[in-house]
Amino acid sequence: MLLTLAAAAVVLAGVYVARGVFGPLALAIVLVIICEPARRPLQRLGWPRWAGTTAVIVVAYLVLLGMAALLWVAGTQFAGLVADYADKLRGSADDVIAWLQSVGLDQQAADATASALDPKAILELVSSLGGTVVSIATALFFVFAYVIFMAADAARYGEAERVFGAERRPVIRRARSFNTGVRRYYVVNASFGAIVAIIDGLALWALGVPAPVTWAILAFVTNFIPNIGFVIGLIPPAVLAFVVGGWPMLLAVIAIYCVVNVVLQVLVQPKFVSDAVDLSLTLSFFSVIFWTFVIGPLGAILSIPLTLFVRALVLEGDPGSTWLRWLSGDRGATPQAAARSVAQSAGRRP
């Protein structure tokens, strides 16, 4: 156990140091896995392999460009709103300070709240987010290249079972199960994200909160961050609602997000995600924090696929790890299933 933990620490330290390379590589792998089904209709029609590979590359590029466009629109509109409402933000900060002092809070708490509502602090936050977006955009150059190479290799890897037969069938089965889990996870996230974004956007529009489309886009994007994404998506529209409409509008926005986002994203969606990827809710939550620390902001979005990959690589090939797989949420990891797998492997040996 100590040797295993030491080896894991060394590997994770290497990933942390090389996160600028590992992050884009992991993103490209996930994109190719998601877009790989675009190849199948062309294969059934008898089209050449290069046509299917081109289809996978085009779909992956469209996904990347679509997400980049959404982030750019939301970021530019958010920066414009901060500039337009700078004076009201200062006034709201003064009102909050006065209220805090009236209820007996000390000056330090008042100053902390005022700094959070200071337009300069918000602009600095936007700038830091912009820097993150720029770093991700820089990494997209590598992602675009990785997608081309991986999509081409994926066509060849699809013939692995025909070439090796029963010799590598357990490994191929684990790889296919991992790919299916990744696709299901992002389908569930995208579906719930679209529903939440539409409801939030319409509710904010009805309340009169400025730029409801921006906050709908933010709700959709942050939905890909498990468990805590809705909190990130709530803060900007809540602050703007307080500036525009005071406490009543702020409380209304919080109530809407709590009803819609908490019910769908925190209570309902994790159950669907857990069923789709066979991952426990606790491990799903912890993986967000862990992978964000290891590889940065991309880790929050790629946390579930990375955790599934580690489980497939380290645990699923070891019959003695059934207990750990079961703890991780794998409902198929039972002593009976492990015994059948060992018997089948023994039966295939020459």
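Because only heavy atoms are used, hydrogens play no part in the values below, and waters and symmetry mates are left out as well, while side chains stay in.
Heavy atoms of other residues, nucleotides or ligands lying less than 6.0 angstrom from CG of L3 number 12 at most.
Using a 4.5 Å cut-off on side-chain heavy atoms (C-beta onward), Q43 and R49 make no contact. At least one side-chain heavy atom of F22 sits less than 4.5 Å from a side-chain heavy atom of L306. Two residues are said to be in side-chain contact when any heavy atoms from C-beta on lie closer than 4.5 Å; I148 and Y61 meet this criterion. In this structure, the side chains of P237 and Y257 come closer than 4.5 Å at one or more pairs of heavy atoms. Within the 4.5 Å cutoff, the side chain of W215 has heavy atoms near those of the L240 side chain. Side-chain contact between Y16 and L12 is absent, with no heavy atoms from C-beta onward closer than 4.5 Å. Using a 4.5 Å cut-off on side-chain heavy atoms (C-beta onward), I254 and C258 make contact. Under the 4.5 Å side-chain criterion, counting only non-hydrogen atoms from C-beta, Y186 is in contact with P305.
Put simply, L62 and V32 are part of two different groups of oily side chains (I, L, V, M, F, W, Y) that touch within less than 4.5 Å, one to the next. V56 and L42 sit in two unconnected hydrophobic clusters of ILVMFWY residues. Membership requires side-chain heavy atoms under 4.5 Å apart, directly or through other members. No single ILVMFWY cluster, assembled from side-chain heavy atoms under 4.5 Å apart, contains both V259 and I195. F286 is connected to V314 through a chain of hydrophobic side-chain contacts under 4.5 Å among Ile, Leu, Val, Met, Phe, Trp and Tyr, so both are in one cluster. Hydrophobic cluster membership is shared by L298 and F293, with clusters built from Ile, Leu, Val, Met, Phe, Trp and Tyr side chains linked at under 4.5 angstrom.
For the atom pair L315 CG and W323 CH2, the distance stands at 13.5 Å (nearest 0.5 Å). Atom CG of D200 is separated from atom CH2 of W205 by 15.0 Å, given to the nearest 0.5 angstrom. Atom CD1 of I256 is separated from atom CG of L251 by 11.0 Å, given to the nearest 0.5 angstrom. Put simply, CG on L302 and CD1 on I295 are 5.5 Å apart, with the number rounded to the nearest 0.5 Å. Here the CZ-OG1 distance, from R39 to T53, works out to 4.0 Å after rounding to the nearest 0.5 Å. The line from CG of L308 to CG of L313 is 12.5 Å long, rounded to the nearest 0.5 Å.
L250 approaches A238 most closely through the heavy-atom pair CD1-O, 3.2 Å. Residues A241 and V253 come closest through the heavy atom pair CB-CG2, 3.5 Å. Considering all non-hydrogen atoms of both residues, R40 and R183 come closest at NH2-NH2, 3.4 Å. The shortest non-hydrogen separation linking G201 to A216 is CA-CB, 4.0 Å. Taking both residues in full, the closest heavy atoms of I304 and S287 are given as CD1-OG, 3.8 Å, listed atom of the first, atom of the second, then distance. Contact between A38 and V59 at its shortest, heavy atoms only, is CB-CG2, 4.0 Å.
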Audit row: M249, V209, side-chain contact (heavy atoms from CB on, under 4.5 Å) steps and yes/no: CA-CA 8 Å; M249 186 174 289; V209 178; 3.8 Å; yes
Determine whether R19 and V294 satisfy the following criterion, side-chain contact (heavy atoms from CB on, under 4.5 Å), listing intermediate values before the conclusion. CA-CA 7 Å; R19 61 188 179 273; V294 174; over 6 Å; no
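Under the side chain to side chain contact (heavy atoms under 4.5 Å, CB included) test applied with L31, the options I33, I29, L27 reduce to a single match, L27.
Aromatic ring orientation, F220 versus F224: perpendicular (interplanar angle above 60°, classes split at 30° and 60°).
A distance-only check finds no donor-acceptor pair linking the side chain of S177 to the backbone of R174 [under 3.5 Å]. Of the possible polar contacts, one joining the S303 side chain to the A300 backbone as a donor-acceptor pair under 3.5 Å is found.
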